[in-house]
Amino acid sequence: MEGDGSDSLVTIKNIERELICPACKELFTHPLILPCQHSICHKCVKELLLTHDDSFNDVGSDNSNQSSPRLRLPSPSMDKIDRISRPGWKRGSLTPRTTTFPCPGCEHDVDLGERGISGLFRNFTLETIVERYRQAARAATAIMCDLCKPPPQESTKSCMDCSASYCNECFKIYHPWGTVKAQHEYVGPTTNFRPKILMCPEHETERINMYCELCRRPVCHLCKLGGNHSNHRVTTMSSAYKTLKEKLSKDIDYLIGKESQVKSQISELNLLMKETECNGERAKEEAITHFEKLFEILEERKSSVLKAIDASKKLRLDKFQTQVEEYQGLLENNGLVGYAQEVLKETDQSCFVQTAKQLHLRIQKATESLKSFRPAAQTSFEDYVVNTSKQTELLGELSFFSSGIDVPEINEEQSKVYNNALINWYHPEKDKADSYVLEYRKINRDEEMLSWNEIEVCGTSKVISDLESNCNYAFRVRAYKGSICSPCSRELILHTPPAPVFNFLFDEKCGYNNEHLLLNLKRDRVESRAGFNLLLAAERIQVGYYTSLDYIIGDVGITKGKHFWAFRVEPYSYLVKAGVASSDKLQEWLRSPRDAVSPRYEQDSGHDSGSEDACFDSSQPFTLVTIGMKKFFIPKSATSANEPENRVLPMPTSIGVFLDYDKGRVAFYDMDHMKCLYERQVDCSHTMYPAFALMGSGGIQLEEPITAKYLEYQEHM
């Protein structure tokens, strides 16, 4: 057991987080393995037992949170602690009455049983790693010889049998040649002395040599013979060592292989931290701006209210002052009375009468005011009391929620995937959001999630291109208003088609019957109409005439590769056939007399006429499935159940066709769930064409590729 190199020491320094005791938050000291497989310092286990027992003694179980292992409580006396670790301890004033306590690592209750701490294994591996970490941390700090006379010399060896460190001279003295001690095992200087053999804590004289798979702990042969593990499944220690080491190595290799992914996710988290910091500062600035606006409004209203009060006060004071002056004029030798006294001195009668008449009216008015005294203005300002109760209540309720944004919701009915993905969402506060961020990522087959891709969108829908075929993608959206961000919407999972989308239109020349079929100008929709010609033909039914199938094919053929296309069948359709057919088979169909092409003529006609039972071709140059009357009919097969209830399914809203030309396979899909409904071999030795046939009233609409123009059209609609 030689010392580790410098590279190992550097690595050891990086794992400090794994070497911290969950109870004391310090490096492990003599760690013990609890029944739940978490490790805790020996001393911490004792403290937890005593603390948990004290909680029952003092306040009962109602106050159990005081014994939380996360709390660092004062340590009990060493005498009290030592009593606990002795096997066979009894109940008493200094011993705990319980062996159950919550594990600080997982917070589940663990029961140490009758043997208490004595029944726990010491985690020597963890202890060794902690010691290596301590040595790496102190690096230049030397371990001194334990046997030197002062001053001690630096040790060069540590004896695992003596559990002591020695300098060269002392080692020679205490391990002389030719003695038993000379055979002791020695290592480089260390303070971690572990036993050579792991002994059973229940049977102290027995060594550990087996592993209990049920309890997930090492045991001795006595534990298996008559102990607690007698009925448990055990395996040899070498087998357990090999199995666990292989599993651990495989898990480590997997994590190492994902190092680039971990680093990218760490980078993403660092970016999110920076974004959070920036958004937090921006949110603070916006909050300050909002409050400053409130302050401005309050200051403005305050100034306006104070001006109104001052103006009312001045007006009232002016009125009171005028009234005071008027009443002062009624005093003797003052104002009106004084003036009247001077008028009485006038001796000329005509002049006196001229002046006295107006004066007499004024004195009469003053006399009446004395009889009914009334202040010129009110002293109360009750009409000028500011009512802020509503505003106070609103300000008291001021919170982030009132300024937040509702969560947008993805519209699953309007969102779909074809050649591209179209994602639609709705938002209750659409006019209040500045923009949206649409996030999407691929989900691997082992449910591994890749990092999110982000696209900023101004509207409430987006077309996403360049998605991989036959993959699951998760989509979610969140709204932004300034720096305010709503929570993400519920994720929508969509499965892309199994192959690239094959673009074609209906062929208006090859085999197209314009008497029965009506093709639109875009050539992506065809309808079958049971018109006058069908009624005329019905007269021949007595001589064996059957209503024919009207075929129409795609205008582009397939000669290699994988292709996928989709279409919708109108719910009112009576009978529609859809699939693929080779060029030579189509020529045969389209050249056949109309009378011969009856429902009984073709094996895969969809009618239970008996012809389908005659032959099950493993590979034929065409495959058509029957759709009609809101049902999807799976063709009969020699290997599967052919009962009608197993072959008739509800008609999907949209049906997909997947053709693997190179492997000669064709499959039909329910587009809503991208689920395969039917698959079989097909002979692809010639050019293959998308093929359709209609009988009676019906309609087929090719699925329109999703493009930016498609999105504009949808928004316009």
Side-chain angles (χ1 to χ4, degrees), residues 258 260-280 282-283 400-401 403-498 501 653-654 670-675 705-708 710-712 714-715:
K258 297 294 181 180
S260 59
Q261 180 182 340
V262 173
K263 287 181 178 179
S264 68
Q265 290 176 351
I266 291 174
S267 300
E268 183 179 351
L269 290 173
N270 288 329
L271 291 175
L272 291 175
M273 289 172 64
K274 291 181 180 178
E275 183 180 352
T276 301
E277 188 173 349
C278 293
N279 287 342
R282 198 177 305 143
F400 294 113
F401 179 78
S403 60
I405 307 177
D406 287 347
V407 181
E409 288 297 330
I410 294 180
N411 190 326
E412 297 186 14
E413 294 182 357
Q414 295 184 9
S415 298
K416 62 179 181 177
V417 64
Y418 190 40
N419 59 318
N420 295 317
L422 170 64
I423 308 300
N424 273 284
W425 60 90
Y426 56 88
H427 192 211
E429 297 186 358
K430 178 180 177 181
D431 296 333
K432 296 184 179 180
D434 298 333
S435 62
Y436 300 89
V437 171
L438 176 62
E439 298 180 338
Y440 68 97
R441 65 181 176 185
K442 186 175 76 170
I443 306 174
N444 288 345
R445 297 191 182 278
D446 56 357
E447 297 300 321
E448 178 186 352
M449 295 289 190
L450 303 179
S451 58
W452 289 99
N453 300 294
E454 295 186 352
I455 302 176
E456 187 172 357
V457 185
C458 293
T460 55
S461 55
K462 181 66 179 177
V463 172
I464 301 175
S465 56
D466 300 326
L467 300 180
E468 295 183 23
S469 299
N470 199 26
C471 291
N472 281 320
Y473 280 86
F475 300 87
R476 68 184 187 186
V477 65
R478 63 179 187 267
Y480 275 89
K481 181 173 177 59
S483 63
I484 306 297
C485 172
S486 75
C488 288
S489 67
R490 185 169 55 87
E491 291 184 14
L492 172 66
I493 307 296
L494 294 178
H495 191 94
T496 56
V501 170
T653 306
S654 182
D670 177 355
M671 279 288 291
D672 291 338
H673 307 95
M674 204 57 71
K675 176 184 176 182
I706 299 173
T707 62
Y710 178 90
L711 178 60
E712 292 173 4
Q714 291 288 102
E715 290 179 346

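When side chains are defined from C-beta on, Arg476 counts as touching Trp452, because their heavy atoms get closer than 4.5 Å. No side-chain heavy atom of His495 sits under 4.5 Å from any side-chain heavy atom of Val417. For the pair Tyr436/Thr460, a side-chain contact is recorded, criterion being any heavy-atom separation below 4.5 Å from C-beta on. Annotation: side chain of Ile423 is not in contact with side chain of Val477 (no heavy-atom distance under 4.5 Å).
Listed by chain and residue number, Lys442 satisfy the salt bridge (Lys or Arg N to Asp or Glu O under 4.0 Å) test with Glu468 (two or more places apart in sequence, or in another chain). Under the salt bridge (Lys or Arg N to Asp or Glu O under 4.0 Å) criterion, Arg282 pairs with no residue at all, not counting sequence neighbours. Taking the salt bridge (Lys or Arg N to Asp or Glu O under 4.0 Å) definition, one finds that Lys263 meets it with Glu259, sequence neighbours left out. Looking at residues two or more places apart in sequence or on another chain, you find a side chain to side chain donor-acceptor pair (under 3.5 Å) between Thr653 and Asp672. Under the side chain to side chain donor-acceptor pair (under 3.5 Å) criterion, Ser469 pairs with no residue, sequence neighbours left out. Every residue two or more places apart in sequence or in another chain that forms a salt bridge (Lys or Arg N to Asp or Glu O under 4.0 Å) with Glu454 is listed here: Arg478.
Ring geometry, Tyr473 versus Tyr440: the interplanar angle falls from 30° to 60°, so the pair is classed tilted.
Counting only distance, with no hydrogens or angles, the side chain of Ser435 and the backbone of Val457 share no donor-acceptor pair below 3.5 Å.
Checking each of Ile455, Asn424, Asn420 against Lys462 for a side-chain contact (heavy atoms from CB on, under 4.5 Å) leaves exactly one that passes, namely Ile455.
Minimum heavy-atom separation, Gln414 to Leu422: O-CD2, 3.9 Å. Between Ala474 and Ile443, the closest heavy-atom pair is CB-CD1, 3.9 Å. Summarising the geometry of Leu492 relative to Glu412, their closest heavy-atom pair is CD1-CG, 3.7 Å, with the distance given to 0.1 Å. Scanning both residues, Leu467 and Ala421, for their nearest heavy atoms gives CD1-CB, 3.6 Å. Nearest heavy atoms, Met674 versus Pro498: SD-CD, 4.3 Å. In terms of heavy atoms, Pro408 sits closest to Pro487 at CD-O, 4.2 Å.
A distance of 9.5 Å separates SG in Cys488 from CD1 in Ile410, rounded to the nearest 0.5 Å. In this structure, Phe475 CZ and Ile493 CD1 are separated by 8.5 Å, a value rounded to the nearest 0.5 Å. If you take CE on Met273 and CG on Leu269, they are separated by 8.5 Å, rounding to the nearest 0.5 Å. Ser489 contributes atom OG, which lies 13.0 Å from atom CG of Asp406 (distance to the nearest 0.5 angstrom). Taking CG of Leu494 as the start and SG of Cys471 as the end, the distance is 12.5 Å to the nearest 0.5 Å. Rounding to the nearest 0.5 Å gives a distance of 10.0 Å between CG of Asn453 and CZ of Arg441.
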